[in-house]
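So the structure is just underneath, and the comments pick up after that.
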Amino acid sequence: MSKTVPVLTIDGPSGSGKGTIARRVAEALGWHLLDSGALYRLVGLAAAQRGMSDAPPSELAAMARGLVIRFLTDEDGNERILLDSRDVTGELRTEECGRLASAVAVLPEIREALQAVQHGFRKPPGLVADGRDMGTHIFPDAQLKVYLTASAEERAKRRHKQLKDKGIGVSLAALSRDIEDRDRRDSERSVAPLRPAADARVLDSSKLTIDDVTRTVLEWARETYAAG
Ligand code: DC
């Protein structure tokens with residue numbers, strides 16, 4: 001049944017703007033949204049909180065399968081993420097949680113455990129799935145696959161601004177180096193490396209606004225799903 005539900009995947013490196021674009025596109029289409037990075041963050045956070053960060057992958061995977069995760073929208077329209085009934089939205093966005101997530105994301109057992117969770121998001125009327133391997137591994141039959149990218153320099157500038165707005169001072173050069181290192185790790189890792197699906201449409205957002213990118217993806221969606 002779920003295979004008949006349309007899926008639009010948006011993959012790409014961090015800082016490409018895919019989270020923002022995925023949310024806007026899902027809202028415009030009235031479809032569900034899967035933020036798959038949040039799932040890896042939840043597993044990393046839960047493992048750390050339970051003192052299981054160094055546990056064997058099979059035990060971590062069993063823990064991941066047992067997590068009770070809920071994505072909600074509060075009365076102000078903000079997304080809230082609950083882990084075993086506790087609101088962990090703020091904790092999930094920290095750099096520390098990003099590190100915990102990337103450590104569990106390299107484990108094939110964890111990727112396998114999260115596969116069913118991700119497929120569960122595919123419900124009518126449709127799904128916009130945001131991540132690194134949505135078009136290549138999780139939803140290979142998606143009708144529209146977008147690979148959103150931006151130059152490392154531009155992504156470092158965006159991150160720098162975000163951190164500055166939060167009152168955190170970091171050098172732009174250090175951020176650029178960090179991003180380039182992470183790109184290399186992500187695209188060279190053996191499990192689910194970051195790369196565009198063979199049938200993905202690649203969009204470089206370096207010189208585009210969020211509105212430009214949203215408009216382009218929505219045009220592609222109209223062409224794709226009206227035709228299907
Ligand atoms: O997009 P993000 O920063 O929330 O992702 C957190 C971590 O999870 C990051 O290290 C990449 C990894 N990830 C992944 O391996 N596969 C996905 N589909 C989504 C995220």
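Each ligand, and each atom within it, is numbered from 1 in the order the structure gives.
Centroid-to-centroid, the aromatic rings of Trp31 and Phe121 stay 6.0 Å apart or farther.
Side-chain contact between Leu60 and Val43 is absent, with no heavy-atom pair separated by less than 4.5 Å. Within the 4.5 Å cutoff, no side-chain heavy atoms of Val88 are placed close to those of Leu82. Taking 4.5 Å as the limit, every side-chain heavy atom of Gln162 sits out of range of all side-chain heavy atoms of Arg158. Using a 4.5 Å heavy-atom cutoff, the side chains of Leu45 and Leu92 are in contact. For the pair Arg99/Arg41, no side-chain contact is recorded, criterion being any heavy-atom separation below 4.5 Å from C-beta on. A 4.5 Å side-chain heavy-atom check between Leu208 and Leu203 finds at least one atom pair inside the cut-off.
The pair Arg86-Glu91 counts as a salt bridge, with a side-chain nitrogen and a carboxylate oxygen less than 4.0 angstrom apart.
At the shortest separation from atom 10 (O) of ligand 1 among protein heavy atoms lies Ser102 CB, 3.0 Å. The closest protein non-hydrogen atom to atom 5 (O) of ligand 1 is Gly37 CA, 3.7 Å. Here the protein heavy atom with the shortest distance to atom 7 (C) of ligand 1 is Ala101 CB, 3.7 Å. Protein heavy atom at the shortest distance from atom 15 (O) of ligand 1 is Arg111 NH1, 2.9 Å. In terms of protein heavy-atom proximity, atom 8 (O) of ligand 1 is closest to Tyr40 CB, 3.5 Å. Closest to atom 19 (C) of ligand 1 among all protein heavy atoms lies Ser36 OG, 3.4 Å. Nearest to atom 1 (O) of ligand 1 among the protein's heavy atoms is Arg132 NH1, 2.9 Å.
In this structure, Arg189 has a heavy atom closer than 4.0 Å to ligand 1. Put simply, no part of Gln118 is less than 4.0 Å from ligand 1, judged by heavy atoms.
Per-residue contacts place Met134 under 4.0 angstrom from the following atoms of ligand 1 (heavy atoms of the residue considered): 18 (N).
On a distance-only criterion, Asp35 and ligand 1 share no N/O pair closer than 3.5 Å.
Residue-level proximity to ligand 1 for Ala105 is carried by the side chain, the only part with a heavy atom below 4.0 angstrom.
For atom 2 (P) of ligand 1, the candidate residues are Arg99, Arg182, Arg41; the nearest heavy-atom contact is made by Arg41.
Considering every non-hydrogen atom in both Leu107 and Ala103, the closest pair reads CG-O, 4.1 Å.
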